[in-house]
Novice: 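Have a look at the structure that comes next, please.
Note that the structure is predicted; figures quoted are calculated from it, not measured. In the text below, chain A, chain B and the rest are named by the order of the sequence lines, each starting its count at 1.
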Amino acid sequence: MPEKTYDHAALELKWCEAWKADPELYKAREDGRPKFYCLEMFPYPSGKLHMGHVRNYSIGDTLARYMWMRGYDVLHPIGWDAFGMPAENAAIKNRRHPAEWTYANIAFMKAQMDRMGFSYDWAREVTTCDADYYKWNQWFFLKMYECGLAYRKDADVNWCPDCATVLANEQVEEGRCWRCSSVVVIRTLPEWFFKVTQYADELLSDTYTIEKGWPERVLTMQRNWIGKSEGAEADFTHSATGEKIRVFTTRIDTIYGATCVILAPQHPLVARLMTGDAYAPIKEMIDDVARKGPGDIEKAGVFTGHTATNPFSGEQIPIWVGNFVLMGYGTGAIMAVPAHDQRDFEFCTRYGIPVRPVIRPVDGALADPAAMKEAFGDYGVVENSGPYSGLTSEVARVRMAADAQAGGFGNASTTFRIKDWGISRQRYWGTPIPMIHCEQCGVVPVPERDLPVRLPLDVEFTGKGESPLAQSADFLNVPCPACGAPAHRETDTMDTFVDSSWYFYRFCDPSNADAPFDSGRVARWFPIDQYIGGVTHAILHLIYSRFFTKVMRDLGLVANSEPAANLFTQGMVLKGGTAMSKSKGNVVDPDEMVVKFGADTCRMFTLFAAPPERDMEWDEKSIEGVYRFVSRVYRFVSRNASLTPAPGGDWNPADRKALRKLHQTLAKITQDFENRWHFNTSIAAMMELMNELTAQESAMSPAAMAQVTSVLCLMLAPFAPFAAQELWTTDLGRTGHVFQQPWPVSDADLAREEGAEVPVQVNGKLRAKLVVPFGTAKEELERIAKAEPRVRPWVKGKEVVKVVVIPDKLVNIVVKT
RNA sequence: GGGGGAGUGGUGGAAUGGCAGACACAGCAGACUCAAAAUCUGCCGGGUGCACAACCCGUGAGGGUUCAAGUCCCUCCUCCCCCA
């Protein structure tokens with residue numbers, strides 16, 4: 001057949017239309033074949049896909065197509081993380097309802113996804129701002145409220161004055177808002193919380209059950225975030241009033257070395273000890289920490305003028321207030337043991353507070369406090385500690401905690417760094433929290449039958465003042481469900497991380513009107529076999545998703561304890577060495593690239609430029625290399641395609657070379673899919689194959705060529721679905737969808753090299769290469785190697801100490817020099 | 001300060017104790033062409049050699065283990081990420 005020009009635009013648009021006309025094309029069948037749930041993190045509908053999306057979805061799509069070809073029943077859904085502040089900010093700016101903006105963005109991005117050839121089952125599309133979806137957020141909230149997992153309390157919250165909203169701690173970066181970079185201030189408000197801490201232990205221990213399928217660094221980050229520390233609590237006593245000051249410490253064995261008690265600035269006792277003018281520096285301290293974030297502040301403190309009594313030694317030590325003590329961690333008060341904690345050491349030496357060593361190294365003496373340059377933080381032997389002197393730290397910790405408990409002034413205790421999840425947002429574009437405030441009855445849940453609590457439409461978006469929901473009279477005013485008296489609705493909406501904590505379950509049963517999903521259908525698909533997304537979600541989204549799964553399990557809704565068996569985190573797409581961003585003006589628009597090179601080339605380039613887990617550089621020049629490759633394959637197959645298959649088996653030398661490379665390549669790509677997803681090397685292998693095929697082309701038999709073109713087309717299908725489909729249908733004259741064909745099996749006989757190429761080294765340096773039949777005996781190999789003319793001069797006249805022979809692999813002759 | 005990555009040609013990267021630099025980009029030379037584009041072919045880490053051959057050096061620095069180290073171990077430097 002004559003060679004055809006690779007007209008990417010025409011053939012891609014043709015198949016794009018054809019695929020769109022078949023809504024069942026990528027349908028998950030639920031037909032009893034082994035299942036594979038392939039999931040990419042759903043996007044926020046910001047308006048347009050960016051290259052990060054293209055990379056993420058190209059990885060997932062390539063995998064999904066491969067799994068289809070391997071005969072799996074693949075579930076490959078997508079949806080929209082559609083609530084959130086940008087829609088509302090856009091509404092303020094353009095006087096356009098957030099819903100309008102959001103749905104327009106979704107329509108646009110959906111078309112972009114289709115144009116990229118992503119194999120999504122659109123019948124399962126989920127959009128979190130649909131009442132059909134957020135109704136179930138509310139339902140989960142009520143269930144959690146019933147069992148005490150959702151509660152309301154006054155909280156010091158991070159307030160962004162520009163966004164006029166509360167931010168989660170993790171949304172504060174270096175004291176600034178993660179979105180708009182405004183300086184964050186502290187406010188106290190009643191807020192709704194999910195009790196994540198109730199699951200802290202399990203969230204931690206289960207990181208070990210999913211270890212083999214999740215990246216180590218994600219699990220490490222989560223473990224650090226959970227921050228379990230086992231220690232003890234002990235009550236110091238305010239000397240003047242006898243009031244107890246409870247401290248948490250991981251090193252109760254050092255308590256005889258405590259030389260002061262330090263309170264967090266927000267500790268309730270502080271406000272009582274430091275009244276009037278004395279409180280001013282404390283206020284200053286609180287604001288300062290809020291401004292700079294707990295990271296970069298210099299340690300500073302204020303003496304309260306009061307003392308406290310050590311419950312073990314009876315000693316009176318000063319009470320200080322320190323800016324580095326966090327109210328939210330432990331008890332908000334610490335005992336400072338400068339001799340054995342580096343942070344305490346820095347604080348105490350700064351303020352002239354004594355340093356008193358009470359732990360010595362097992363094989364050394366107690367340090368001289370005057371000579372100490374830094375704290376001794378290791379375990380050792382306890383000294384100068386009353387009845388505990390002479391014990392090891394390990395023994396003393398246990399015994400002292402027990403004695404504290406017996407004496408009623410403390411106990412062994414575990415604390416976690418992770419805090420309960422504050423979900424309240426003073427915003428419009430989110431899920432309304434289904435609660436009603438009644439003067440008589442207090443806080444009353446909305447009855448389940450009244451769900452969903454819908455967002456009202458008659459709202460002005462000014463960007464000023466309190467939540468827009470508070471302005472809607474229709475929304476705000478309701479009769480109390482308990483007593484019928486006039487009451488008003490909660491106007492806070494939920495953090496959007498609630499939406500994304502369970503969306504992957506809804507994909508199993510997306511239009512269920514009676515329940516969030518049917519448990520049986522979820523059981524069929526869960527856990528997710530492969531979850532793919534950015535490492536930026538390593539902590540929050542993934543920990544909240546794991547929390548939700550455990551809550552759902554305890555509600556009897558799902559059987560699994562973890563949402564995803566395997567997680568893959570892809571690297572970022574860079575341009576000019578840094579992440580693409582509008583502010584840097586280095587954004588590459590996928591649409592432009594698709595027009596220029598086609599979707600196949602774009603997808604393949606995101607896979608070729610670097611291994612998927614690493615950051616990749618978008619290079620306009622390099623992508624041309626991939627375009628050339630796709631185009632070469634296309635022309636090669638089109639000019640060599642034959643509609644009449646020829647009988648084979650009697651291969652000429654060119655056939656053998658071509659088929660050998662073909663089957664070697666197939667084996668390599670299959671390996672890459674099964675093991676490590678280094679698609680950059682898969683694509684490189686196909687490029688090598690093309691180089692070999694071009695060299696053998698003119699001498700190959702029709703039968704060999706028929707095999708080569710067909711297998712090549714199948715191998716290409718997961719990576720470049722448009723070109724592969726076009727060649728499969730039009731040029732090879734086959735029927736059906738190429739991604740539904742069985743993945744070809746590499747023929748080991750055809751793939752085998754004719755002989756083993758064995759490098760010969762002398763003292764580890766390459767001197768010659770032999771080609772010998774496979775399985776040549778060790779002795780024979782050694783003999784041939786020694787006889788090799790290129791080797792002889794290096795061995796001649798020298799004493800051979802040793803010869804290492806690895807059959808079919810290598811010979812190393814070691815001589816005395 | 002703690003934890004985790006990474007460091008290989010002009011560039012992106014390959015090599016899971018066994019031939020360093022696959023594949024590609026850029027560059028150089030050639031074929032085709034009136035010419036250009038496209039396409040195809042060859043060369044392409046550094047050094048010594050007229051050239052060929054041959055040899056030497058070379059994976060951030062230094063040490064170690066091993067017949068053999070980009071790969072494993074120790075010390076150090078630089079960069080990135082996460083947590084303080």
Side-chain angles (χ1 to χ4, degrees), chain A residues 3 5-6 169-170 173-174 215-227 293-297 299 324 326 329 341-343 345-346 374-375 377 417-418 534-536 538-540 569 571-572 574 576-579 604-605 607-611 613-629 631-632 635-636 665 668 671-672 675-676 678-692 694-695 697 756-770 790 793-794 800-816:
Chain A
E3 176 178 305
T5 314
Y6 176 54
N169 281 329
E170 45 277 14
E173 291 164 351
E174 318 256 310
E216 187 57 38
R217 80 188 167 119
V218 171
L219 295 176
T220 305
M221 280 191 239
Q222 293 211 354
R223 286 168 194 150
N224 290 339
W225 188 257
I226 294 164
D296 291 325
I297 49 163
K299 288 181 190 62
F324 65 101
L326 303 174
Y329 179 78
D341 179 282
Q342 186 58 28
R343 291 196 308 176
F345 183 83
E346 286 165 21
E374 57 179 15
R417 210 188 73 94
I418 194 172
V535 75
T536 40
I539 298 178
L540 298 174
T569 50
M572 289 185 301
L574 312 177
T578 45
M604 257 185 138
F605 180 65
L607 301 177
F608 177 68
E613 72 278 8
R614 291 246 290 264
D615 289 350
M616 64 160 281
E617 176 72 21
W618 189 272
D619 177 22
E620 191 83 30
K621 278 292 181 191
S622 293
I623 192 175
E624 287 175 21
V626 175
Y627 181 80
R628 275 198 279 273
F629 166 71
S631 157
R632 273 180 86 190
R635 293 194 316 267
F636 178 88
T665 306
K668 154 127 190 89
Q671 278 287 310
D672 280 341
N675 295 336
R676 53 172 207 171
H678 277 201
F679 300 129
N680 54 328
T681 62
S682 309
I683 294 167
M686 281 193 275
M687 289 172 168
E688 279 187 67
L689 170 63
M690 275 313 298
N691 292 341
E692 181 70 28
T694 318
E697 183 176 6
E757 196 185 54
V758 178
V760 181
Q761 299 177 338
V762 178
N763 285 355
K765 290 198 171 182
L766 180 71
R767 296 303 176 192
K769 288 178 190 180
L770 309 173
R790 302 249 292 97
W794 298 98
V800 175
V801 180
K802 183 173 181 177
V803 181
V804 180
V805 183
I806 299 157
D808 299 346
K809 287 287 254 185
L810 169 127
V811 177
N812 189 9
I813 302 168
V814 186
V815 299
K816 210 167 205 169

Novice: Between N or O atoms, less than 3.5 Å apart, protein on one side and nucleotides 56-59 of chain B on the other: list the pairs.
Specialist:
| residue | atom | partner | partner atom | Å |
| --- | --- | --- | --- | --- |
| C56(B) | OP1 | Arg767(A) | NH2 | 3.3 |
| C56(B) | OP2 | Arg767(A) | NH1 | 3.4 |
| C57(B) | OP2 | Lys765(A) | NZ | 2.9 |

Novice: Would you mind calling G49(B) syn or anti? Take O4'-C1'-N9-C4 for purines or O4'-C1'-N1-C2 for pyrimidines, and syn is within 90° of 0.
Specialist: syn
Novice: Under the side-chain contact (heavy atoms from CB on, under 4.5 Å) test, which residues partner Val800(A), sequence neighbours left out?
Specialist: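 Counting only residues at least two positions away or on another chain, Val800(A) forms a side-chain contact (heavy atoms from CB on, under 4.5 Å) with Val795(A), Val803(A), Ile813(A), Val815(A).
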Novice: So which pairs with a foot in residues 217-226 of chain A pass salt bridge (charged side-chain N to carboxylate O under 4.0 Å, His left out), sequence neighbours left out?
Specialist: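 Output for this query lists Glu211(A)-Arg223(A), Glu216(A)-Arg223(A).
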Novice: List the atom pairs, with distances to 0.1 Å, where a side-chain N or O of residues 622-629 of chain A and a protein N or O form a donor-acceptor pair under 3.5 Å, not counting sequence neighbours.
Specialist:
| residue | atom | partner | partner atom | Å |
| --- | --- | --- | --- | --- |
| Ser622(A) | OG | Asp619(A) | OD2 | 2.8 |
| Tyr627(A) | OH | His8(A) | ND1 | 3.4 |

Novice: What's the CE-P distance between Met221(A) and G4(B), to the nearest Å?
Specialist: 12 Å
Novice: Can you name the side-chain contact (heavy atoms from CB on, under 4.5 Å) partners of Asp672(A), sequence neighbours left out?
Specialist: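 Applying side-chain contact (heavy atoms from CB on, under 4.5 Å) to Asp672(A) gives Lys668(A), Arg676(A), Thr681(A), Ser682(A).
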Novice: Sequence neighbours left out, what passes side chain to side chain donor-acceptor pair (under 3.5 Å) with Thr665(A)? Give chain and number order.
Specialist: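 Checked Thr665(A) against side chain to side chain donor-acceptor pair (under 3.5 Å); zero matches.
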Novice: Report yes if a side-chain nitrogen or oxygen of Arg614(A) is closer than 4.0 Å to either non-bridging phosphate oxygen (OP1 or OP2) of G7(B); otherwise report no.
Specialist: no
Novice: Could you run through nucleotides 39-45 of chain B and give me one letter per nucleotide, 5' to 3': B if any protein heavy atom sits under 4.0 Å from the base, S if only the sugar-phosphate is that close, - if neither?
Specialist: SS-----
Novice: Of all residues at least two apart in sequence or in a different chain, which pass the side chain to side chain donor-acceptor pair (under 3.5 Å) check with Gln342(A)?
Specialist: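 With sequence neighbours excluded, Gln342(A) shows a side chain to side chain donor-acceptor pair (under 3.5 Å) to Glu346(A), given in chain and number order.
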Novice: Using a cut-off of strictly less than 4.0 Å between a heavy atom of the residue and any atom of RNA chain B, enumerate the qualifying residues of residues 679-689 of chain A by number.
Specialist: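 By residue number: Asn680(A), Thr681(A), Ala684(A), Met687(A), Glu688(A).
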Novice: Provide, to the nearest angstrom, the distance between the CG atom belonging to Asp615(A) and the P atom belonging to G13(B).
Specialist: 9 Å
Novice: Can you list everything that forms a side chain to side chain donor-acceptor pair (under 3.5 Å) with Ser631(A)? Sequence neighbours excluded, please.
Specialist: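 In terms of side chain to side chain donor-acceptor pair (under 3.5 Å), with neighbours along the sequence ignored, Ser631(A) is linked to Arg635(A).
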Novice: For Trp618(A), check ring pair (Phe, Tyr, Trp, His ring centres under 6.0 Å) against everything at least two apart and list the hits.
Specialist: Phe605(A)
Novice: Is it the case that C19(B) (base atoms only) and Lys769(A) (side chain only) share a donor and an acceptor within less than 3.5 Å, ignoring hydrogens and angles?
Specialist: yes
Novice: Please convert RNA chain B into dot-bracket. A pair counts if it is Watson-Crick or G-U wobble with both distances under 3.5 Å; crossing pairs go in [ ] and bases paired with another strand get |.
Specialist: (((((((..(((.....[....))).(((((.......))))).((((.....))))..(((((..]....)))))))))))).
Novice: Determine, step by step, whether His678(A) and Gln671(A) satisfy the side-chain hydrogen bond (donor to acceptor under 3.5 Å, both in side chains) criterion, reporting the C-alpha distance in whole Å, the side-chain angles of both residues, the deciding distance to 0.1 Å, and the verdict.
Specialist: CA-CA 10 Å; His678(A) 277 201; Gln671(A) 278 287 310; over 6 Å; no
Novice: May I ask you to verify whether the side chain of Asn224(A) and the base of C83(B) hold a donor-acceptor pair under 3.5 Å?
Specialist: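 No such pair is found, so the answer is no.
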